[in-house]
Q: 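Sharing a structure here in structure tokens format.
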There are 2 protein chains.
Amino acid sequence: MHKEHNLTKNQQIIFDLIDKSPEPMKAYSILFNVQKKGIKAPLQVYRALDKLVQIGKIHKIESRNAFIACHNSSCQVAKATAFSICEICEKVTEISSAGLSKYLANFKDKDGMKYSKYNLEFFGLCKKCR
Amino acid sequence: MHKEHNLTKNQQIIFDLIDKSPEPMKAYSILFNVQKKGIKAPLQVYRALDKLVQIGKIHKIESRNAFIACHNSSCQVAKATAFSICEICEKVTEISSAGLSKYLANFKDKDGMKYSKYNLEFFGLCKKCR
DNA sequence: AAGTTAATGTTATAATATAACACTATGTAA
DNA sequence: TTACATAGTGTTATATTATAACATTAACTT
Ligand SMILES: [Zn+2]
Ligand SMILES: [Zn+2]
Ligand SMILES: [Zn+2]
Ligand SMILES: [Zn+2]
């Protein structure tokens, strides 16, 4: 399957927090929540976030500057991400669609260029908010 | 065609600057460049940027916190944007592909939900950097 | 044991973005 | 014309997001 990464203490603390959260978490909210566990400075948070993004355990929602745990077993590499975002309640869901990822992975632009990596964010209203 | 928006002085100054720029511009770089024209404060820049994004004259590159002028006549509404980004030279190009926009506009997730708005950022190496 | 790489802890600071408030311009309607 | 509403401005202050720099420690290789 996919390579296991042994997380360090800080990485594990921060991953666990994000993983438990029902919504994307922002860096300084993470910082606030882990201060009781000894992580005191923004940089400690950002360094763990960088690593977790890099190994695909979490993703950054660019339009929100927030982070969510990956729950899509097919994307353990952080190279092809798609999300739906509710513009009212800010609920974010990772989209796992074989058709979509195939289409985007094979997309070529006018110059015939293919891209190995992409990030797609859909916006709309979730079921509850409609 | 599309509705004309009469830009205000600040909006026009800032749009002209972004439109002339060969690469995406960041807010504080814009601020620096327009200070000689009397725009002195970040908020004046951000307000103009917000409006220009809203009416589709410019787009925000979320992964870069930067802004480029729209050169895609088919997207005067800022609801469906796609870009390619070179990870070396940071060149950004707006992608104008009927196939892609049709595919994404019609994309439905597992719940059958359709999204009216999306932003897609592709990453790779541009011709020059390969 | 020595060398290498990755991670940590810490302080300071840079870069990005918004709040609040008083004021001005513009268009619309009584 | 006056009143009203809406959008934009100018300004100061502040909030939020993110990185630089440096000394130290941990983990892995040879
Ligand atoms: Zn994922
Ligand atoms: Zn919702
Ligand atoms: Zn455009
Ligand atoms: Zn390039």
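Just so it is clear: chains get the letters A, B, ... in the order the sequence lines come, proteins before strands, and each one is counted from 1.
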Q: What does nucleotides 22-30 of chain D look like as a protein-contact string, B for base, S for sugar-phosphate only, - for none, at under 4.0 angstrom between heavy atoms?
A: ---------

Q: Pick the closest DNA chain C nucleotide for B/Lys60 and for A/Ala48 by heavy atoms, then say which residue is nearer the 5' end.
A: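 Closer to the 5' end of DNA chain C: A/Ala48.
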
Q: Test your reading of the model: is there a side-chain donor-acceptor pair from A/Asp111 to the backbone of A/Met113, 3.5 Å cut-off?
A: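 Not at all, since once roles are kept as given, no pair shorter than 3.5 Å links the two residues.
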
Q: Please enumerate all residues that pass side chain to side chain donor-acceptor pair (under 3.5 Å) together with A/Glu62, with sequence neighbours excluded.
A: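 Counting only residues at least two positions away or on another chain, A/Glu62 forms no side chain to side chain donor-acceptor pair (under 3.5 Å).
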
Q: Suppose we screen for ring-ring contact (aromatic ring centres under 6.0 Å, His included). Which residues come up paired with B/Tyr115, at least two apart in sequence or across chains?
A: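 Partners of B/Tyr115 by the ring-ring contact (aromatic ring centres under 6.0 Å, His included) criterion, ordered by chain and then number, come out as A/Phe122.
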
Q: Rounding to 10°, can you tell me the angle the first-five-pair axis of the helix from C/dA1-D/dT30 to C/dA30-D/dT1 makes with its last-five-pair axis?
A: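 That helix gives 30° between its end axes.
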
Q: So does B/Ser63 get a backbone contact from the side chain of B/Glu121, meaning a donor-acceptor N/O pair under 3.5 Å?
A: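 Indeed, once roles are kept as given, a pair shorter than 3.5 Å links the two residues.
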
Q: With sequence neighbours excluded, tell me which residues meet salt bridge (charged side-chain N to carboxylate O under 4.0 Å, His left out) with B/Arg47.
A: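 With neighbours one apart ignored, the set is empty.
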
Q: Applying side-chain hydrogen bond (donor to acceptor under 3.5 Å, both in side chains), which residue pairs with at least one partner in residues 11-37 of chain B are found, sequence neighbours left out?
A: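 Of all non-adjacent pairs touching residues 11-37 of chain B, those that pass side-chain hydrogen bond (donor to acceptor under 3.5 Å, both in side chains) are B/Thr8-B/Gln11, B/Gln12-B/Asp16, B/Asp19-B/His71.
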
Q: Can you pull out the residues from residues 25-38 of chain B that lie within a 4.0 Å heavy-atom distance of DNA chain C?
A: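 Of all residues in residues 25-38 of chain B, the ones placing a heavy atom under 4.0 Å from DNA chain C are B/Lys26, B/Tyr28.
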
Q: Kindly indicate whether the side chain of B/Asn72, heavy atoms from C-beta on, has any atom under 4.5 Å from the side chain of B/Ile95.
A: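 B/Asn72 vs B/Ile95: side chains apart.
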
Q: Between which nucleotides of DNA chain C, 5' to 3', does chain A make heavy-atom contacts below 4.0 Å?
A: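 Endpoints of the contacted stretch of DNA chain C: C/dA7 to C/dT11.
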
Q: Apart from A/Phe32 itself, which Ile, Leu, Val, Met, Phe, Trp or Tyr residues share its cluster (side-chain heavy atoms under 4.5 Å, direct or through members)?
A: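 When side chains under 4.5 Å apart are linked, A/Phe32 ends up in no cluster with other residues.
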
Q: Considering only Ile, Leu, Val, Met, Phe, Trp and Tyr, and joining two whenever side-chain heavy atoms are under 4.5 Å apart, list the other residues clustered with A/Ile61.
A: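 Via sub-4.5 Å side-chain contacts, A/Ile61 links to A/Ile68, A/Phe83, A/Ile85, A/Val92, A/Phe123.
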
Q: Considering heavy-atom distances to DNA chain D, does B/Asn65 or B/Lys51 have its closest nucleotide positioned more toward the 5' end?
A: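 That would be B/Lys51.
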
Q: Go through residues 8-23 of chain A and report each residue with a non-hydrogen atom lying under 4.0 Å from DNA chain C, sorted by number.
A: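 The stretch gives A/Thr8, A/Asn10, A/Gln11 as the residues lying under 4.0 Å from the strand, ordered by number.
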
Q: Suppose we screen for side chain to side chain donor-acceptor pair (under 3.5 Å). Which residues come up paired with B/Ser116, at least two apart in sequence or across chains?
A: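 If we apply the side chain to side chain donor-acceptor pair (under 3.5 Å) test to B/Ser116, skipping adjacent residues, there are no hits.
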
Q: B/Gln44 side chain N/O closer than 4.0 Å to the phosphate oxygens (OP1, OP2) of D/dT9?
A: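 For D/dT9, OP1/OP2 do not have a side-chain N/O of B/Gln44 under 4.0 Å.
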
Q: Report yes if some heavy atom in the side chain of B/Thr81 is under 4.5 Å from a heavy atom in the side chain of B/Leu120; otherwise report no.
A: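 The answer is no; the side chains never approach within 4.5 Å.
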
